[in-house]
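FYI, side chains are in, hydrogens and waters are out, and symmetry mates aren't considered; it's all heavy atoms of this structure.
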Amino acid sequence: MKEYYVDLVNVIIDGKSSEIVTITGAGNYDPNIVKNKAIELVKKTFPNAILASVILEHKFVDLNTYREITGSNPPWLYNIK
């Protein structure tokens, strides 16, 4: 059975401001991948900024909670009923 996770990540922008990003996923949890994905998302808005990330909250959730949080079914769940 897959593990689903939801993380809140604070991405610090140029050491002055920050944005909170929600990262969700399934499978093996790697905090470095989560932090890099958060930076990647914020980098689209601030392409020339120096960015750093900190995980504020991490939790494993069940499939139903994951669906509620993401608002839809991820592609790999289409055949699960």
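- Atom CG of Asn64 and atom OH of Tyr4 lie 10.0 Å apart (nearest 0.5 Å).
- In this structure, the salt bridge (Lys or Arg N to Asp or Glu O under 4.0 Å) partners of Lys59, at least two apart in sequence or on a different chain, are Glu57.
- Note that CD of Glu68 and CG of Leu63 are 10.0 Å apart. Values are rounded to the nearest 0.5 Å.
- Atom CG of residue Leu41 and atom CZ of residue Phe46 lie 12.5 Å apart, to the nearest 0.5 angstrom.
- The shortest heavy-atom contact between Tyr29 and Val34 is CE1-CG2, 3.7 Å.
- With a 6.0 Å radius and a threshold of 12 heavy atoms from other residues, nucleotides or ligands, Asn28 has its CG atom at or below the threshold.
- Between atom CD1 of residue Ile39 and atom CG of residue Leu51 there is a gap of 6.0 Å, rounded to the nearest 0.5 Å.
- Taking 4.0 Å as the cut-off between side-chain N and carboxylate O, Lys37 and Glu40 count as a salt-bridged pair.
- With sequence neighbours left out, the salt bridge (Lys or Arg N to Asp or Glu O under 4.0 Å) criterion links Lys35 to no other residue.
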Can you give each donor-acceptor pair under 3.5 Å made by side-chain atoms of residues 9-24, sequence neighbours left out, with the distance rounded to 0.1 Å?
unit_1: Asn10; atom_1: OD1; unit_2: Ser18; atom_2: OG; d: 3.2
unit_1: Asp14; atom_1: OD1; unit_2: Ile50; atom_2: N; d: 2.8

